[in-house]
Amino acid sequence: MEAEKRASNFIEEFIEEDLASGRFDHVKTRFPPEPNGFLHIGHVKAFSIDFEVANKYGGVCNLRFDDTNPTKEKAVFVENIQKDIQWMGYQWDKLFFASDFFDQLYDIACGLIRKGVAYVDDQSAEDMRKTRGTLTTPGVNSPYRERSIEENLDLFQRMKNGEFPDGARVLRAKIDMASPNVLMRDPTIYRILRSHHHRTGDAWCIYPMYDFQHPIQDAIEGVTHSLCSMEYEIHRPLYDWMVQHAGFPMPPRQIEFARLNLTRTVMSKRLLRRLVEEGHVSGWDDPRMPTLAAMRRRGYTPAAIKDFLSRVGVAKADSEVDQGLLEFCVREDLGSAAPRAMAVLDPLKITLSNWPEDKIDELPMENHPDHPALGERKVRFSKTLFIEREDFMENPPGKFFRLKPDGEVRLKGAYIIKCEQLVKDASGQVCELICSVDLDSRSGSEGSSRKVKGTLHWLSEADACPIEARLYEPILKDDTGVEDGEAEASDEFAEEQAPAKDFIDDLNPDSIRLMKRALAEPIIRDAQVGATFQFLRMGYFTKDPDSTEEMPVYNRTVALKDSWAKVATKA
RNA sequence: UGCCGAAUAGUGUAACGGUAGCACCUACGACUCUGACUCGUAUUGUCUAGGUUCGAAUCCUAGUUCGGCAGCCA
């Protein structure tokens with residue numbers, strides 16, 4: 001339908017223009033990660049756009065690994081990136097590796113030399129930097145710029161043959177050393193680099209640079225729309241130059257959009273790698289990380305992530321999206337799907353004074369309030385129970401609907417109890433409550449119509465299974481913003497360019513909280529790894545791979561919205 | 001002080017010369033055997049200054065602020 005086809009952002013508008021003008025008669029995109037780390041939610045935005053746009057216009061999207069820098073790349077990253085994309089529900093058309101095209105790229109580079117638009121430069125990296133000029137002053141031509149085509153061809157071949165040491169020479173595009181766009185000042189397109197490549201091994205000692213490989217590769221694949229983030233906008237003239245001088249008749253169109261930033265987290269591979277390597281997190285899939293692997297482990301769903309991305313939209317302006325929006329989307333998706341069950345994270349013992357010692361009641365409990373089809377399960381009720389420690393206060397502020405001395409609450413799906421007596425330990429802390437039960441108040445019974453304000457989740461001793469629960473907070477402290485600017489920069493280079501402050505200082509010391517004495521229903525204990533429940537009143541939890549037979553481990557995916565917490569904090 | 005971009009409620013994003021809307025957040029209220037969910041109500045916005053026009057977030061001019069660019073990284 002017409003409405004279905006209408007552009008929903010500026011990228012799609014451009015594409016529709018191109019389709020209408022006849023510049024292209026189809027759409028082909030590509031997602032081109034470098035396999036040097038795990039994908040994070042920012043990458044998901046990128047490849048979602050690539051895939052969604054292609055799908056919308058009946059085209060396809062390739063997955064291409066831009067593996068042109070063997071010093072940083074690993075096969076393990078290649079595997080995980082594919083897994084992540086598929087987990088999100090996308091399927092690429094062709095799978096390519098830039099390294100599969102090294103021969104072809106080499107030939108095209110030779111073609112550039114023959115055309116007189118590329119040359120071998122013998123200057124050192126330092127001299128090249130000096131002669132490049134600055135942002136406000138033009139550069140000067142290399143003394144090697146006017147070498148003959150024959151000499152360039154010979155030298156380039158000898159570079160390839162390994163006759164020169166690393167760094168001795170580079171191949172450069174001959175463009176304009178005085179260009180106001182520094183990237184156009186004879187950019188390097190091949191360097192000598194002896195490093196074992198995860199796919200080509202030691203077959204090559206020269207590797208193409210991004211500004212050469214990327215546009216050429218797009219053109220080879222027949223990409224029509226090369227979508228990328230804003231920092232490449234300034235590369236576009238170079239992109240177009242390469243495609244044109246390499247002689248491709250149907251140049252792809254590069255379109256840039258703003259990358260995703262989230263509050264209270266970091267979103268660059270460089271910083272994420274530091275977190276992993278310095279041991280601030282347990283790995284790339286530590287549930288506090290913004291990586292897809294971590295989100296999957298934590299219990300985020302592809303549907304929630306897609307919903308989030310669609311709410312964020314696509315634009316060119318820099319922005320930082322509140323992590324709360326992502327959490328909202330996760331709650332919304334899980335809310336209708338996740339079965340409910342009870343777990344007590346920080347147990348407080350309750351003894352019922354008027355409940356017979358050995359009596360056990362089996363109570364029916366709904367698995368989901370909105371979906372009766374999900375059925376019921378039996379929960380046991382006995383003389384000894386546990387409630388959440390924070391659900392009792394000895395001296396509560398006003399509007400506290402939970403248990404307090406002489407107060408009454410309903411235990412969800414069971415009885416109304418009244419707090420009669422406190423038991424304190426040697427340090428004066430309340431360690432047990434003696435309560436009476438209103439025997440007529442059992443849920444569903446005739447006497448159950450009596451209303452009390454609070455309803456608590458609970459567990460009987462008969463049902464309580466030990467589990468470990470892990471609660472998470474954002475990885476950065478509140479009110480700090482980490483400058484993420486030199487996003488993909490290498491460590492060495494970034495240190496020179498931006499020593500600045502160390503983001504490690506902004507790490508949130510409370511980003512993880514382990515509840516090692518938590519208790520849960522048997523259904524929680526017995527679930528499969530990856531299963532998700534709503535622990536009543538406590539949030540959504542997903543079973544972690546760290547779980548053992550003896551000790552199930554649950555990650556809190558996201559807490560429930562808690563309007564009481566806000567009141568309590570303010571008071 | 002060069003070049004390339006971007007500025008719309010607290011946040012994100014629409015409006016393509018014709019009533020500035022949507023979502024999240026926030027506040028209040030209703031409902032509630034999850035202080036959840038759901039429902040209702042409300043607050044808050046076009047970077048600045050000029051100009052064109054019957055009419056400007058949109059077009060023009062001049063500013064301001066923010067981001068990116070000087071790897072043999074991608």
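Residue numbers begin at 1 in each chain, while the letters A, B, ... track the order of the sequences.
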Contact pattern, 5' to 3', of nucleotides 20-33 of chain B - B, S or - by protein heavy atom under 4.0 Å:
---SSSSS----BB

Span that lies between the C1' atom of B:U41 and that of B:U48, in whole angstrom:
35 Å

Which nucleotide wins on minimum distance to the side chain of A:Met230, given the candidates B:G5, B:U34, B:C72?
B:G5

Separation of the P atoms in B:A7 and B:G71, to the nearest angstrom
29 Å

For A:Val312, which contact category applies under a 4.0 Å heavy-atom criterion: base, sugar-phosphate, or nothing?
sugar-phosphate

When you match A:Asp322 and A:Ala565 each to their closest nucleotide on RNA chain B, which lands nearer the 5' end?
A:Asp322

Do you know which of A:Phe102, A:Tyr190, A:Phe101 makes ring pair (Phe, Tyr, Trp, His ring centres under 6.0 Å) with A:Tyr207?
A:Phe102

Can you tell me, in whole Å, how much space there is between the P of B:A36 and that of B:C25?
12 Å

Partner lookup for B:G71, please. Criteria are Watson-Crick or G-U wobble with both distances under 3.5 angstrom; report none if nothing qualifies.
none

Aromatic ring of A:Tyr210 stacked on base six-ring of B:A74, 5.5 Å, 30°
no

Tell me, do A:Leu112 and A:Lys174 make a side-chain contact under 4.5 Å, heavy atoms counted?
no

Assess whether a salt bridge exists between A:Asp562 and A:Lys566, defined as any Lys/Arg side-chain N lying under 4.0 Å from an Asp/Glu carboxylate O.
no

Think A:Lys316 forms a cation-pi with A:Phe257, using NZ or CZ under 6.0 Å from the six-ring centre and within 45 degrees of its axis?
no

Just to be sure I understand the rule, does A:Met538 reach a base, reach only the sugar-phosphate, or reach nothing, if contact means heavy atoms closer than 4.0 Å?
nothing

Please determine, for the side chain of A:Asp562, which listed nucleotide (B:A70, B:U34, B:G35) has the closest atom?
B:G35

Does A:Arg264 make a side-chain N or O approach to OP1 or OP2 of B:U11 shorter than 4.0 Å?
no

Any side-chain heavy atom of A:Ile416 sitting closer than 4.5 Å to one from A:Arg450?
yes

B:G21: syn or anti, with syn meaning chi within 90° of zero?
anti

pair_partner(B:A56), Watson-Crick or wobble, both distances < 3.5 Å, evaluates to none

Rounded off to whole Å, could you give me the CD-to-P distance for the A:Glu231 and B:G5 pair?
16 Å

Just by modelled atom types, is the A:Leu456 backbone N or O under 3.5 Å from a matching donor or acceptor in the A:Arg410 side chain?
no

Decide yes or no for A:Val243 and A:Pro252: does some side-chain heavy atom of the first lie under 4.5 Å from some side-chain heavy atom of the second?
yes

Quiz question: going by heavy-atom distance under 3.5 Å, is there a donor-acceptor pair between the base of B:U34 and the side chain of A:Gln534?
yes

With respect to the phosphate group of B:G35, does any side-chain polar atom (N or O) of A:Arg537 fall under 4.0 Å of OP1 or OP2?
yes

Searching all strands shown, indicate the nucleotide that pairs with B:U61 (Watson-Crick or G-U wobble; both distances under 3.5 Å).
B:A49

For B:G5, the nucleotide meeting Watson-Crick or G-U wobble distances (both under 3.5 Å) is B:C66

For A:Gly167, answer base if it contacts any base atom (sugar-phosphate contacts may also be present), sugar-phosphate if it contacts only those atoms, and nothing otherwise; contact means non-hydrogen atoms under 4.0 Å.
base

At under 4.0 Å, does any side-chain N or O of A:Thr68 touch on OP1 or OP2 of B:A74?
yes

Salt bridge (Lys or Arg N to Asp or Glu O under 4.0 Å) evaluation trace for A:Arg185 with A:Asp176
CA-CA 5 Å; A:Arg185 319 239 260 230; A:Asp176 178 10; over 6 Å; no

Paired with B:A20 by Watson-Crick or G-U wobble geometry, both distances under 3.5 Å: which nucleotide is it?
none

Checking contacts here: which listed nucleotide (B:G5, B:C72, B:G12) is nearest the side-chain heavy atoms of A:Glu233?
B:G5

For B:A9 and B:C16, measure between their C1' atoms and round to the nearest Å.
22 Å

Taking any heavy-atom pair under 4.0 Å as a contact, classify A:His214: base, sugar-phosphate, or nothing.
nothing

With distance as the sole test, does A:Glu73 use its side chain to make a donor-acceptor pair with the main-chain N or O of A:Asn69 at under 3.5 Å?
yes

Any strand: nucleotide that pairs with B:A36 via Watson-Crick or wobble, under 3.5 Å
none

Checking N1-N3 plus N6-O4 or O6-N4 for Watson-Crick, or N1-O2 and O6-N3 for wobble, each under 3.5 Å, the partner of B:A15 is none

Please report, rounded to the nearest Å, how far the C1' atom of B:C72 is from the CZ atom of A:Arg169.
14 Å

Sort out the partner of B:C25 for me: Watson-Crick or G-U wobble, both distances under 3.5 Å, none otherwise.
none

Members of residues 130-142 of chain A that approach RNA chain B, where some heavy atom sits under 4.0 Å away
A:Arg132, A:Thr134, A:Leu135, A:Thr136

Using side-chain heavy atoms (C-beta onward) and a distance below 4.5 Å, is A:Glu34 in contact with A:Phe65?
no

Minimum-distance nucleotide to A:Pro180 side chain [options: B:A74, B:C3, B:G35]:
B:C3

Within the 4.0 Å heavy-atom criterion, would you say A:Glu327 contacts the bases, only the backbone, or no part of the nucleic acid?
nothing

Kindly indicate whether the side chain of A:Phe308, heavy atoms from C-beta on, has any atom under 4.5 Å from the side chain of A:Leu325.
yes

Indicate, with a heavy-atom threshold strictly under 4.0 Å, whether A:Pro187 touches base, sugar-phosphate, or nothing.
nothing

Applying a 4.0 Å non-hydrogen cut-off, can you work out what A:Pro33 is touching in the nucleic acid: base, sugar-phosphate, or nothing?
nothing

Should the side chain of A:His457 and the base of B:A36 be counted as holding a donor-acceptor pair, with the cut-off at 3.5 Å?
no

Checking contacts here: which listed nucleotide (B:C69, B:C73, B:G35) is nearest the side-chain heavy atoms of A:Ile234?
B:C69

If I pick the C1' atom on B:C28 and the same atom on B:G35, what distance separates them, to the nearest angstrom?
15 Å

In whole angstrom, what separates A:Tyr239's OH from B:G5's P?
18 Å

Determine whether any donor atom in the side chain of A:Arg402 lies under 3.5 Å from an acceptor atom in the base of B:G35, or the reverse, and answer yes or no.
yes

Heavy atoms under 4.0 Å, any strand shown: does A:Arg340 hit a base, just sugar-phosphate, or nothing?
base

Which residue is it: A:Arg169, A:Lys130, A:Arg129, A:Arg172? I am looking for the one with a side chain to side chain contact (heavy atoms under 4.5 Å, CB included) to A:Gln123.
A:Arg172

Pick the C1' atom in B:G21 and in B:G45, then give their distance to the nearest Å.
12 Å

Would you mind reading off the distance between A:Leu193 atom CG and B:G71 atom P, rounded to a whole angstrom?
17 Å

Would you measure the distance from the P atom in B:A15 across to the matching atom in B:U8 and give it in whole Å?
14 Å

Between B:G12 and B:U44, how far apart are the two C1' atoms, rounded to whole Å?
15 Å

Please classify the nucleic acid contact of A:Ala125 as base, sugar-phosphate, or nothing, using heavy-atom distances under 4.0 Å.
base

Starting from the C-alpha separation in whole Å, work towards a yes-or-no answer on salt bridge (Lys or Arg N to Asp or Glu O under 4.0 Å) for A:Glu231 and A:Arg259.
CA-CA 9 Å; A:Glu231 68 264 31; A:Arg259 47 200 298 167; 2.5 Å; yes

Measuring to OP1 and OP2 of B:A36, would you say a side-chain N or O of A:Ser563 lies under 4.0 angstrom away?
yes

Classify A:Phe400 by what it touches in the nucleic acid, base, sugar-phosphate, or nothing, heavy-atom distance under 4.0 Å.
base

Looking at A:Lys412, is its backbone amide N or carbonyl O close enough to the side chain of A:Trp458 to form a donor-acceptor pair, meaning the two atoms are under 3.5 Å apart?
yes

